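Note that the structure is predicted; figures quoted are calculated from it, not measured. To find a chain, count down the sequence lines: A is the first, B the second, and so on, and within it residues start at 1.
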2 protein chains.
Amino acid sequence: MTKDHDLKGHAWAVLLTAHATLVERIETALAEAGLPPLGWYDVLWELEKAEGGRLRMHELARRIVLSRSNLTRLADRLEDAKLMEREDTPHDRRGYDCVITRAGLAMRKKIWPLYKAEIESLFSRHITVQEARTIGDALARAVKAAGGEG
Amino acid sequence: MTKDHDLKGHAWAVLLTAHATLVERIETALAEAGLPPLGWYDVLWELEKAEGGRLRMHELARRIVLSRSNLTRLADRLEDAKLMEREDTPHDRRGYDCVITRAGLAMRKKIWPLYKAEIESLFSRHITVQEARTIGDALARAVKAAGGEG
DNA sequence: ATCGCGTAGTTGCAAATGCAACGATATGCT
DNA sequence: AGCATATCGTTGCATTTGCAACTACGCGAT
């Protein structure tokens, strides 16, 4: 039990370190290539995956795990860069749809090869398929539980 | 091969989401309890674990995966809060030792129960011991590889 | 219709971050 | 010794973040 705890606590600590280390590396690689940061990719990718390339602000914020106010500013930047647009939503005059533009689609496709290569060399390369399955399953369970309640 | 890739890419995506979600939850819990953020805990814990409760700035920065300039400011805050001190290093007049204070030790001990409880309810609770072992091993391998080179 | 409450998104302000430039010291080479 | 180069840590400045307040709208009850 004590040992279980140590193993799990250790896994958490390693998770934090891995995230910090790998994300830093990836951000550096993107910056060096003159590409926008990871956060931009997340937005573009979520929009691209969504029906009609559009998503409400709050839904987008939820999917990329970002506070509303932060998404407001991030969306401002993406919009300034012509990678997405805000459109009034038909049935709710309070809100907007974020819609990815052609340039946004192109940018996501432009970023992906480098991002993919970085994931490969920093992450995928070092883990087995079994491990990947385990990591995906276990963490997804934790995320799901956290999403529902506390 | 394609499937392997998807599994690994998916694991990466879930890792990012899990990190964002769980860290946000933990920060909120700490803030609600009037406790300092996670970054402070990391510093205090690294110092406490280190020989003599002291570590050079650059070494501390490396261990908590933080840029030098960021550590400078973080250390300023911790020092203002009397949780650590900077001391001149004997054999290198450029650098400092960060030394944890009694108040720093006390603060780390004060934070730990809540942090531990959050890790338990958000993370440990949802994964098996086997999974924890796998996560720890696999991610540690990636971190080690990233630490060495690119 | 109006009141009250909840939600969508934005904004101001203070704090934190990242990056490049800097002063100071150490180190290696000649 | 003298000079070039690299490292330690800090600082200035611009960008990003986080939190709390705020506007605007939706929704249910009266």
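- Computed from coordinates, the A:R93 CZ to D:dC27 P distance equals 11 Å when rounded to whole Å.
- Applying a 4.0 Å cut-off to non-hydrogen atoms, none of the residues of residues 34-49 of chain B approaches DNA chain C.
- Counting only distance, with no hydrogens or angles, the side chain of B:E27 and the backbone of B:P37 share no donor-acceptor pair below 3.5 Å.
- Formation of a donor-acceptor pair under 3.5 Å by the B:K8 side chain with backbone atoms of A:F123 is not found in this model.
- The distance from atom NE2 of B:H91 to atom P of D:dC8 is 17 Å, rounded to the nearest whole Å.
- Between B:R77 and C:dA15, a side-chain N or O to OP1/OP2 separation shorter than 4.0 Å is absent.
- The salt bridge (charged side-chain N to carboxylate O under 4.0 Å, His left out) search around A:K110 returns none, not counting sequence neighbours.
- Rounding to whole angstrom units, CG of residue B:L74 and P of D:dT10 are separated by 11 Å.
- One N or O on the side chain of A:H126 and one on the backbone of A:S121 form a donor-acceptor pair closer than 3.5 Å.
- Annotation: salt bridge (charged side-chain N to carboxylate O under 4.0 Å, His left out) contacts of A:E85 (sequence neighbours excluded): none.
- Rounded to an integer number of Å, the gap from CD of B:E87 to C1' of D:dG9 is 17 Å.
- For A:R125, the salt bridge (charged side-chain N to carboxylate O under 4.0 Å, His left out) criterion is met by no residue, not counting sequence neighbours.
- Within a heavy-atom distance below 4.0 Å of DNA chain C, no residue of residues 12-24 of chain A is found.
- In this view, A:K109 and A:E48 satisfy the salt bridge (charged side-chain N to carboxylate O under 4.0 Å, His left out) rule, not counting sequence neighbours.
- By the side chain to side chain donor-acceptor pair (under 3.5 Å) test, B:E118 is found to be paired with no residue, residues two or more places apart in sequence or in another chain being considered.
- Two end axes, each from the C1' atoms of five base pairs, can be drawn for the helix from C:dA1-D:dT30 to C:dT30-D:dA1; they diverge by 20°, to 10 degrees.
- As rounded to whole Å, 15 Å separates atom P of C:dG18 from atom CG of A:L30.
- Residues satisfying the side chain to side chain contact (heavy atoms under 4.5 Å, CB included) criterion with A:A117, sequence neighbours excluded, are absent altogether.
- Pairs engaging residues 31-45 of chain A under the side chain to side chain donor-acceptor pair (under 3.5 Å) rule: A:Y41-A:R108 [sequence neighbours left out].
- Here the P atom of nucleotide D:dC25 and the CG atom of A:D88 are 11 Å apart, to the nearest Å.
- Remark: the backbone N or O of B:K82 is paired with a side-chain donor or acceptor of B:T101 at under 3.5 angstrom.
- B:L38 is connected to B:L35 through a chain of hydrophobic side-chain contacts under 4.5 Å among Ile, Leu, Val, Met, Phe, Trp and Tyr, so both are in one cluster.
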Pairs under 3.5 angstrom only: tabulate donor-acceptor contacts from the side chains of residues 52-64 of chain A to other protein residues two or more places apart or in another chain.
from: A:R54; atom 1: NH1; to: A:E87; atom 2: OE1; distance (Å): 3.1
from: A:R54; atom 1: NH1; to: A:D97; atom 2: OD2; distance (Å): 3.2
from: A:R54; atom 1: NH2; to: A:E87; atom 2: OE1; distance (Å): 3.3
from: A:R56; atom 1: NE; to: A:Y96; atom 2: O; distance (Å): 3.4
from: A:E59; atom 1: OE1; to: A:R62; atom 2: NE; distance (Å): 3.3
from: A:E59; atom 1: OE2; to: A:R62; atom 2: NH2; distance (Å): 2.7
from: A:E59; atom 1: OE2; to: A:R63; atom 2: NE; distance (Å): 2.8
from: A:E59; atom 1: OE2; to: A:R63; atom 2: NH2; distance (Å): 3.3

Protein within reach of the bases, or only the backbone? For nucleotides 8-14 of chain C, mark each nucleotide 5' to 3' as B, S or -, using heavy atoms under 4.0 Å. SSBBB--

